[in-house]
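Model, not experiment: these values are computed from the prediction. Numbers restart at 1 for each chain; the letters A, B, ... are given by sequence-line order, proteins then strands.
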Protein chains: 2
Amino acid sequence: MKFTTKAEYGLAALADIAIHSEQGEKATTIEIAQRQNISHKYLEQILLQLRQANLIRASKGQKGGYSLMQPASVIHISDVLNALDSSILADVPEIEENSGLRRNIKSCLWDKMNGAMRNYTDHMTLAELIEQGICPDDSGSYVI
Amino acid sequence: MKFTTKAEYGLAALADIAIHSEQGEKATTIEIAQRQNISHKYLEQILLQLRQANLIRASKGQKGGYSLMQPASVIHISDVLNALDSSILADVPEIEENSGLRRNIKSCLWDKMNGAMRNYTDHMTLAELIEQGICPDDSGSYVI
DNA sequence: ATTTATCCTACCTTGTCAATAGGAAAAGCG
DNA sequence: CGCTTTTCCTATTGACAAGGTAGGATAAAT
């Protein structure tokens, strides 16, 4: 399915910041952009959104940069996705009444698939994502 | 998350056809469009795609219309989605090497969420979708 | 021959994604 | 103070896809 680069870049940036936060360092837009290979002007907007969602703290000027607001272990992936991509975890819009089978199908399939995503991203934290780098091997924990 | 109307309309149309197929009737574009409240010219294109994917059989002219190619119990939802919305169940595209954490994050989160969808829609059939109208109450059967 | 249906292709309008650009504001440093 | 470095914020743009609309060609039944 389709994922926005914004979500992808944002998660990578957050992970990057988290790693540097552990050492008490701040990360600047330029640094992150270079490490993660992202346009730094585009990344600027993404970091702005993450700050407005209270996921990161910014300081301006020399020696400025970004650090995490909370430890990575309490940041849920769904928080990040919600901040960056309003539609990816959003409820499917209600549908007018007189529409045959459509309403039922939507509330059956769509909501289920949606719920599966939400359940998964609600439980997974940024720390887990970073720690393993690869996929967590807890297959079977999350259930539709 | 975002689902295309094409997939929504297509599933509703297929369900509609399935119901009428059971009684040996064919359903025409116009009839389906009215029952499901869809633009019939748009639906035409959708039914064309479903036919090209061998999900339905069409007959032209008077007394023409559409019927299912196979019983609804062997049509998997993933077949329908694949026929109508090439991206919804598609693998996430590979990413260039030198890209920091992005590659790992993508292959972790993205692929998992994607796999969850696929697993779910691979197991569910059109018949189940119709039969229950509401959600199947087999929560817990499908696992990420 | 005429009606009724599918078949097929082209087109159009609107919105969103992914950037790019450029400047304002603040923080540190000499 | 003045300069640099950083974040902050808004506007704009190009490309592309979604969601239709339109119109004619083709085939089957009566």
Side-chain angles (χ1 to χ4, degrees), chain A residues 1-13 17 20 25-34 36-67 69 81 84-88 90 92-93 95 99 102, chain B residues 1-13 17 20 25-34 36-67 69 81 84-88 90 92-93 95 99 102:
Chain A
M1 68 159 289
K2 186 225 136 227
F3 298 95
T4 60
T5 60
K6 210 166 198 173
E8 177 184 336
Y9 296 171
L11 273 168
I17 293 169
H20 289 79
E25 298 168 17
K26 293 171 189 161
T28 69
T29 310
I30 303 274
E31 287 166 5
I32 301 170
Q34 280 176 345
Q36 306 304 326
N37 200 31
I38 302 172
S39 146
H40 82 277
K41 281 307 255 179
Y42 189 33
L43 182 59
E44 233 176 36
Q45 300 176 43
I46 296 171
L47 293 172
L48 189 61
Q49 280 183 256
L50 291 175
R51 201 220 47 186
Q52 286 167 343
N54 288 319
L55 289 168
I56 55 178
R57 168 199 324 277
S59 43
K60 288 182 177 179
Q62 284 185 356
K63 287 283 179 185
Y66 297 94
S67 53
M69 204 73 161
L81 294 182
L84 294 175
D85 184 344
S86 60
S87 78
I88 189 166
V92 301
I95 191 173
S99 48
R102 279 165 51 200
Chain B
M1 66 160 288
K2 185 223 135 226
F3 297 96
T4 60
T5 60
K6 210 164 198 174
E8 178 184 335
Y9 296 170
L11 274 168
I17 292 169
H20 288 80
E25 299 168 16
K26 292 171 191 163
T28 69
T29 311
I30 303 274
E31 288 166 4
I32 301 170
Q34 280 175 346
Q36 306 304 327
N37 200 30
I38 302 171
S39 147
H40 82 277
K41 282 306 257 179
Y42 189 33
L43 181 61
E44 231 176 38
Q45 300 176 41
I46 296 172
L47 292 172
L48 189 60
Q49 281 184 255
L50 290 175
R51 200 219 48 185
Q52 285 167 344
N54 288 318
L55 290 168
I56 55 179
R57 168 200 326 276
S59 45
K60 289 185 178 178
Q62 283 186 356
K63 286 284 181 186
Y66 298 94
S67 52
M69 204 72 162
L81 295 182
L84 296 175
D85 183 345
S86 60
S87 77
I88 190 167
V92 301
I95 191 173
S99 49
R102 280 164 50 201

Colleague: Under 4.0 Å between a side-chain N/O of A:Arg51 and OP1 or OP2 of D:dC9, yes or no?
Modeller: yes

Colleague: Which comes earlier along DNA chain C counting from the 5' end, the contact point of A:Lys2 or that of A:Ser59, where each point is its nearest nucleotide?
Modeller: A:Lys2

Colleague: Check whether any side-chain heavy atom of A:Leu47 lies under 4.5 Å from a side-chain heavy atom of A:Arg51, and answer yes or no.
Modeller: no

Colleague: Does a nitrogen or oxygen in the side chain of A:Tyr42 sit under 4.0 Å from OP1 or OP2 of D:dT13?
Modeller: no

Colleague: Over how many whole Å does the gap from B:Lys63 atom NZ to D:dA28 atom P extend?
Modeller: 17 Å

Colleague: I need the minimum non-hydrogen distance between A:Ala33 and A:His40, along with the two atoms involved.
Modeller: CB-CB, 3.5 Å

Colleague: Just N and O in the side chain of A:Thr29: are any of them under 4.0 Å from OP1 or OP2 of D:dT6?
Modeller: no

Colleague: Respond yes when some side-chain nitrogen or oxygen of B:Thr4 is under 4.0 Å from OP1 or OP2 of D:dA18, and no when none is.
Modeller: no

Colleague: Is B:Thr28 near enough to C:dA5 that one of its side-chain N or O atoms lies under 4.0 angstrom from OP1 or OP2?
Modeller: no

Colleague: In sequence, state the C-alpha distance, the side-chain angles, and the governing distance for B:Thr5 and B:Tyr42, and then conclude on side-chain contact (heavy atoms from CB on, under 4.5 Å).
Modeller: CA-CA 10 Å; B:Thr5 60; B:Tyr42 189 33; 3.7 Å; yes

Colleague: Of all the heavy-atom pairs spanning B:Val92 and A:Met1, show the shortest one and how long it is.
Modeller: CG1-O, 4.3 Å

Colleague: Round to the nearest Å and state the distance from B:Leu43 atom CG to D:dA22 atom C1'.
Modeller: 16 Å

Colleague: Is the shortest side-chain N/O distance from A:Tyr9 to OP1 or OP2 of C:dA19 below 4.0 Å?
Modeller: yes

Colleague: Could you check how far CD of B:Glu44 sits from P of D:dA22, rounded to whole Å?
Modeller: 13 Å

Colleague: Does A:Ser39 place a side-chain N or O at less than 4.0 Å from the phosphate oxygens OP1/OP2 of C:dA18?
Modeller: no

Colleague: Can a side chain N or O of A:Thr5 be found less than 4.0 Å away from OP1 or OP2 on C:dA18?
Modeller: yes

Colleague: When the distance from CD1 of B:Ile46 to P of D:dG20 is rounded to whole Å, what number comes out?
Modeller: 8 Å

Colleague: Rounding to a whole Å, what distance do you find between B:Leu84:CG and D:dG19:C1'?
Modeller: 14 Å

Colleague: Which sits closer to the 5' end of DNA chain D, A:Tyr66 or A:Gln45, going by the nucleotide each is nearest to?
Modeller: A:Tyr66

Colleague: Let me know, please, whether A:Glu31 or A:Leu48 comes out on the 5' side of the other along DNA chain D by nearest nucleotide.
Modeller: A:Glu31

Colleague: Under 4.0 Å between a side-chain N or O of A:Gln52 and OP1 or OP2 of D:dC9?
Modeller: yes

